[in-house]
Amino acid sequence: MAHGIAFADIDWAGRPVRVEYRRIDAPTSTDAAPPPLLVFLHEGLGSLSMWRDFPDRLCAQIGCAGLVYSRPAYGQSTPKPADERWRPDFMHRQAREVLPPLLDALGVSAPYALFGHSDGGSIALLHAAMFPERVAALVVAAPHLFVEDLSIASIEDARTAYATTDLRAKLGKHHVDPDSAFRGWNDIWLDPAFRDWNIEREVAQVRCPVLAVQGHDDQYGTMAQIEQIADLCPGRTTLLKLDACGHSPHRDQPEALIDAAADFLHRHTR
C-alpha cells in the first residue's frame with residue numbers, strides 16, 4: 001500500500017528543513033527475511049511526484065517496502081533560499097548531511113538499498129561509499145562520476161529553455177518553488193568551479209553490489225560513466241545498457257528497468 005504525502009523535520013547544518021516523503025508498504029509476505037527497504041533518490045530537476053508510479057511498481061515486483069522523498073529545494077520540501085548558491089560538494093552534503101538524519105527521523109534501520117537517478121545516482125554512490133555498513137545494494141540510473149562536455153551542453157540548453165519556454169510552468173506542477181529547484185541545479189553545474197568535480201575516488205570505496213544503468217541516447221552523459229563504475233568496483237558491478245533510452249530509463253524503458261532491477265535486488269539482498 002502506498003501512503004499519502006507526509007513531512008519530516010530535520011536539522012541541516014543548523015537550519016531546520018521540512019522534507020516531503022511518501023512510504024510504500026511491502027506486500028504481505030511469509031518470508032522470514034523480507035527484502036530491505038528501497039530508498040529512491042531523484043534527479044537534479046526531480047521530486048517525489050515526478051517519479052509517478054515507478055517506485056510502487058518496482059517495490060511491488062521486488063516485494064519490498066519503499067521510501068520516496070524530495071530533497072530540500074525540491075518538490076514540497078523547504079525551498080533553497082533565493083540568495084544561496086550551492087558549492088561543488090552539494091551532492092556530498094546530501095549524501096552525508098541530509099539522507100542520514102532523514103532516515104533516522106523516519107526510523108529506518110540498516111541495511112537498506114538505494115535507487116538513484118542522475119544526481120540522485122551520484123548521491124547514492126557517495127552515501128554507499130561513506131556508510132558501507134548501511135547499504136545492501138545500489139541501483140543507479142544515468143549517474144554522474146565526472147563532468148562531460150555533453151552534460152554541460154545539455155544543461156546550457158536547459159537554461160535557455162527555462163528562460164524562453166514553458167519549462168518553468170511545467171516544473172511548477174512538481175515544485176512549490178521551481179526557481180529553487182532549477183537554479184540550485186543549473187547554476188552549480190554551469191559554474192566553472194564545477195568542471196573539475198569528480199567522485200571516482202569515492203566510488204572506488206563502494207563495497208556493495210551495484211546495478212549501473214545508462215541509455216544509449218542519454219543527452220546528459222555517455223556510457224563512460226557506468227563503465228567507470230565497473231572499472232572501479234570490479235566483481236560488484238552489473239551493467240545495463242538500454243536502447244531507445246535517454247536520460248530517464250524509468251520513463252523511457254520502465255519495464256526493462258523494473259525487470260532488471262528486481263532480478264538484481266532479489267539476487268543480492270535476499
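For clarity, every value in this text was computed on a predicted model and none was experimentally measured. Sequential numbering from 1 along the given sequence is applied to the chain's residues.
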- Message: Let's go through Ile152 and Phe194 carefully: what are the C-alpha distance in whole Å and the side-chain angles of both, what is the deciding distance for side-chain contact (heavy atoms from CB on, under 4.5 Å) to 0.1 Å, and is it a yes or a no?
- Response: CA-CA 10 Å; Ile152 297 302; Phe194 196 69; 5.6 Å; no
- Item | Step-by-step side-chain hydrogen bond (donor to acceptor under 3.5 Å, both in side chains) determination, His175 to Ser180 | CA-CA 8 Å; His175 304 283; Ser180 166; over 6 Å; no
- Query: Given Ser70 and Gln76, is the side-chain contact (heavy atoms from CB on, under 4.5 Å) satisfied, shown in steps?
  - Reply: CA-CA 7 Å; Ser70 296; Gln76 306 303 307; over 6 Å; no
- Message: For Ile5 and Glu20: C-alpha separation, side-chain torsions, deciding distance, then whether side-chain contact (heavy atoms from CB on, under 4.5 Å) applies.
- Response: CA-CA 7 Å; Ile5 304 300; Glu20 173 193 32; 3.6 Å; yes
- Message: Please determine whether side-chain hydrogen bond (donor to acceptor under 3.5 Å, both in side chains) holds for the pair Asp243 and Gln253, giving the CA-CA distance in whole Å, both sets of side-chain angles, and the decisive distance to 0.1 Å.
- Response: CA-CA 9 Å; Asp243 292 326; Gln253 293 288 353; over 6 Å; no
- Report the C-alpha distance between Leu103 and Leu67 in whole Å, list the side-chain angles of each, state the deciding distance to 0.1 Å, and finish with yes or no for side-chain contact (heavy atoms from CB on, under 4.5 Å). CA-CA 9 Å; Leu103 297 178; Leu67 174 66; 3.8 Å; yes
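A donor-acceptor distance shorter than 3.5 angstrom exists from the side chain of Thr164 to the backbone of Thr160, with no hydrogens or angles considered. In this structure a side-chain-to-backbone donor-acceptor pair under 3.5 Å is present from Thr78 to Arg18. In terms of modelled atom types and a separation under 3.5 Å, the side chain of Ser154 and the main chain of Gln219 share a donor-acceptor contact. For the pair Asp252 (side chain) and Gly246 (backbone), a donor-acceptor distance under 3.5 Å is present. No donor-acceptor pair closer than 3.5 Å links the side chain of Arg207 to the backbone N or O of Cys233. The backbone N or O of Glu43 sits less than 3.5 Å from a side-chain atom of Arg71, completing a donor-acceptor pair.
One hydrophobic cluster holds both Val68 and Phe7 under the rule that ILVMFWY side chains link at heavy-atom gaps under 4.5 Å. Transitive grouping of hydrophobic side chains (ILVMFWY, heavy atoms separated by less than 4.5 Å) brings Val19 and Tyr74 into a common cluster. Leu145 is connected to Trp189 through a chain of hydrophobic side-chain contacts under 4.5 Å among Ile, Leu, Val, Met, Phe, Trp and Tyr, so both are in one cluster. Residues Leu41 and Ile62 are members of separate hydrophobic clusters, defined by side-chain heavy-atom contacts under 4.5 angstrom among Ile, Leu, Val, Met, Phe, Trp and Tyr. Hydrophobic clustering of Ile, Leu, Val, Met, Phe, Trp and Tyr side chains at less than 4.5 Å, counting indirect connections, keeps Ile226 apart from Leu126.
The side-chain heavy atoms of Arg22 and Tyr69, taken from C-beta on, include no pair separated by under 4.5 Å. Side-chain contact between Val17 and Asp11 is absent, with no heavy-atom pair separated by less than 4.5 Å. Using a 4.5 Å heavy-atom cutoff, the side chains of Asp9 and Pro16 are not in contact. Within the 4.5 Å cutoff, the side chain of Pro88 has no heavy atoms near those of the Asp191 side chain. For the pair Val206 and Pro132, the minimum side-chain heavy-atom distance is 4.5 Å or more. Residues Met130 and Gln205 fail the side-chain proximity criterion, which asks for heavy atoms closer than 4.5 Å.
For Asp149, the CG atom counts as loosely surrounded, since its 6.0 Å shell holds 12 or fewer non-hydrogen atoms of other residues, nucleotides or ligands. Counting heavy atoms of neighbouring residues, nucleotides and ligands inside a 6.0 Å radius, atom NZ of Lys241 exceeds 12 of them. Around atom CZ of Arg52, no more than 12 heavy atoms belonging to other residues, nucleotides or ligands sit under 6.0 Å away.
Judged purely by distance below 3.5 Å, without hydrogens or angles, the side chains of Ser118 and His247 pair a donor atom with an acceptor atom. A donor atom on one side chain and an acceptor atom on the other are found under 3.5 Å apart for Asp259 and Gln61. At a cut-off of 3.5 Å, with distance as the only test, no side-chain donor of Glu227 or Gln214 sits close to an acceptor on the other residue.
In plain terms, the two heavy atoms of Leu190 and Glu156 that are nearest each other are CD2-CG, 3.6 Å. Scanning both residues, Pro35 and Cys64, for their nearest heavy atoms gives CB-CB, 3.8 Å. Across all non-hydrogen atoms, the minimal contact from Leu232 to Arg236 is O-NH2, 4.1 Å. Considering all non-hydrogen atoms of both residues, Cys208 and Val135 come closest at CB-O, 3.5 Å. The heavy-atom pair separating Ala261 from Leu211 by the smallest distance is CA-CD2, 3.7 Å. For the pair Trp86 and Gly184, the tightest heavy-atom approach, listed with the atom from each and the gap, is CE3-O, 3.0 Å.
In this structure, the separation between OH on Tyr220 and CG on Asp119 is 10.5 Å, given to the nearest 0.5 Å. In this structure, Phe131 CZ and Glu133 CD are separated by 7.5 Å, a value rounded to the nearest 0.5 Å. The CD1 atom of Ile155 lies 10.5 Å from the CD1 atom of Ile188; values are rounded to the nearest 0.5 Å. For the atom pair CG of Asp53 and CG of Leu58, the computed distance is 11.0 Å after rounding to the nearest 0.5 Å. Asp187 contributes atom CG, which lies 4.5 Å from atom CZ of Arg85 (distance to the nearest 0.5 angstrom). Here Cys245 contributes atom SG and Asp217 contributes atom CG; the two are 7.5 Å apart, rounded to the nearest 0.5 Å.
Checked options Arg201, Glu200, Arg195; the residue passing with Asn198 is Glu200 (criterion: side chain to side chain donor-acceptor pair (under 3.5 Å)). Checked against Ser122 for a side chain to side chain contact (heavy atoms under 4.5 Å, CB included), the options His127, His144, Gln94, His92 give a single hit: His144.
Checked for salt-bridge contact, Arg57 and Glu255 meet the test: a charged N lies under 4.0 Å from a carboxylate O. The residues Arg15 and Glu97 are annotated as not salt-bridged, no charged nitrogen and carboxylate oxygen being separated by less than 4.0 angstrom. Residues Lys170 and Asp166 are paired through a salt bridge, judged by an N-O separation under 4.0 Å between the basic side chain and the carboxylate. Checked for salt-bridge contact, Asp179 and Arg168 meet the test: a charged N lies under 4.0 Å from a carboxylate O.
Between Phe54 and Phe115, the gap from one ring centroid to the other is short of 6.0 Å.
The aromatic rings of Trp185 and Phe182 stand perpendicular to each other, their planes meeting at an angle above 60°, with 30° marking the opposite boundary. Ring geometry for His250 versus Trp51: interplanar angle of 30 to 60°, hence tilted.
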